[in-house]
Asker: 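Once you've had a glance at the structure underneath, I'll fire off some questions.
Numbering starts at 1 and runs along the sequence shown. Below, each value reflects all heavy atoms present in this structure, side chains not excepted, and no hydrogens, waters or symmetry copies.
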Amino acid sequence: PRAVDGDPRVAPLRPEEAAGLSIRIAVLGPLRRLAAPATIAPGVDGLAVARGWHAAVLLPGHAARRGWDGPTCLARVCLAAGLPARAHLDPETVVEAFAAEEFET
């Protein structure tokens, strides 16, 4: 709910920037436990990672636009959650994959 002005990763949106915005909506499919890192299909699979109060989601389109491979996707979603890049190897870390449909206005 505070993404516009409360996300410490980015500067708050200024009124003069509003006209240049586009909106991207992602409809997520059901989560499925990731069987093995080698099964990730970057650009097709999104990833959700959680351990304790740390959690993050990586949308398939985000990875596709950057040309990331499976290991990079895992590392980036772990880092986004505030975890070490290799946190997905810890049995306490839950990693799930999902499909998503993304729309942009």
Asker: Throw together a table of side-chain donor-acceptor distances under 3.5 angstrom for residues 24-44, partners on residues two or more places apart or in other chains.
Answerer:
from: Arg24; atom 1: NH2; to: Glu104; atom 2: OE1; distance (Å): 2.9
from: Arg32; atom 1: NH2; to: Asp45; atom 2: OD1; distance (Å): 2.7
from: Thr39; atom 1: OG1; to: Ala36; atom 2: O; distance (Å): 2.6

Asker: Out of curiosity, does Val94 fall in the hydrophobic cluster containing Leu58 (side-chain heavy atoms, cut-off under 4.5 Å, transitive links)?
Answerer: no
Asker: Please give me the minimum heavy-atom distance between Pro60 and Gly46, naming the atom from each residue.
Answerer: CG-N, 3.5 Å
Asker: With a sphere of 6.0 Å drawn around CG of Leu21, does it hold more than 12 non-hydrogen atoms of other residues, nucleotides or ligands?
Answerer: yes
Asker: Out of curiosity, Cys78 SG to His54 NE2, how far, rounded to the nearest 0.5 Å?
Answerer: 11.0 Å
Asker: Would you say Val57 and Val77 make side-chain contact, with heavy atoms under 4.5 Å?
Answerer: no
Asker: Which residue pairs pass the salt bridge (charged side-chain N to carboxylate O under 4.0 Å, His left out) test when at least one of the two sits in residues 64-83, sequence neighbours left out?
Answerer: none
Asker: Quick check for you: to the nearest 0.5 Å, what is the distance between Cys73 atom SG and Leu59 atom CG?
Answerer: 11.0 Å
Asker: List the atom pairs, donor and acceptor, that lie under 3.5 Å between side-chain atoms in residues 82-89 and the rest of the protein, sequence neighbours left out.
Answerer:
none

Asker: Measuring from atom CZ of Phe98 to atom CG of Leu47, what distance do you get when rounded to the nearest 0.5 angstrom?
Answerer: 7.0 Å
Asker: Any chance you could measure Arg14, atom CZ, to Glu17, atom CD, to the nearest 0.5 Å?
Answerer: 4.0 Å
